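Here the structure is laid out as structure tokens; the discussion comes afterwards.
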Amino acid sequence: MSNPQTAHRANPVPPPTKHQLALMIWVAVFPTLTVLNLLFGDTLADLPSVLRTFVLATVAVPIVIYGLMPRLHKIRAHILMRRATA
């Protein structure tokens, strides 16, 4: 069982605020949906909008959650650590 003080020392970067998290999500979601629309827009154009949105969200969410957000968290941590040491 971890002690909260020990966990804080092991991870000196605090979790993002809700505003930072909103920005990070936007940075991940907007280009992902743009690329997916450019790649599959013509293929999905004939589908009803709800089904098209379902397909795009089904493809985009794993890309964002498992591919982009961990990288954005690492970039954020790197930026915060550089500011702390500067």
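This is a predicted model, so every value here is computed, not measured.
With respect to I63, the side chain to side chain contact (heavy atoms under 4.5 Å, CB included) criterion is satisfied by exactly one of V35, V29, L33, L68: L68.
Taken together through direct or relayed side-chain contacts under 4.5 Å among Ile, Leu, Val, Met, Phe, Trp and Tyr, V50 and F54 form parts of separate hydrophobic clusters. Both V59 and L51 belong to a common hydrophobic cluster when Ile, Leu, Val, Met, Phe, Trp and Tyr are linked at side-chain heavy-atom distances under 4.5 angstrom.
One finds the NE2 atom of H78 at 15.5 Å from the CZ atom of R71 (value rounded to the nearest 0.5 Å). Between the CD1 atom in I25 and the NZ atom in K18 there is a gap of 12.5 Å [rounded to 0.5 Å].
The two residues M24 and P16 come nearest to each other via the heavy atoms SD-CB, 4.3 Å. Residues A57 and P62 come closest through the heavy atom pair O-CD, 4.3 Å. Annotation for M69 and L21: closest pair CE-CD1, 3.9 Å, computed over non-hydrogen atoms. The shortest heavy-atom contact between V64 and T32 is CG2-OG1, 3.9 Å.
By the 4.5 Å heavy-atom criterion applied to side chains, L44 and L47 are counted as neighbours.
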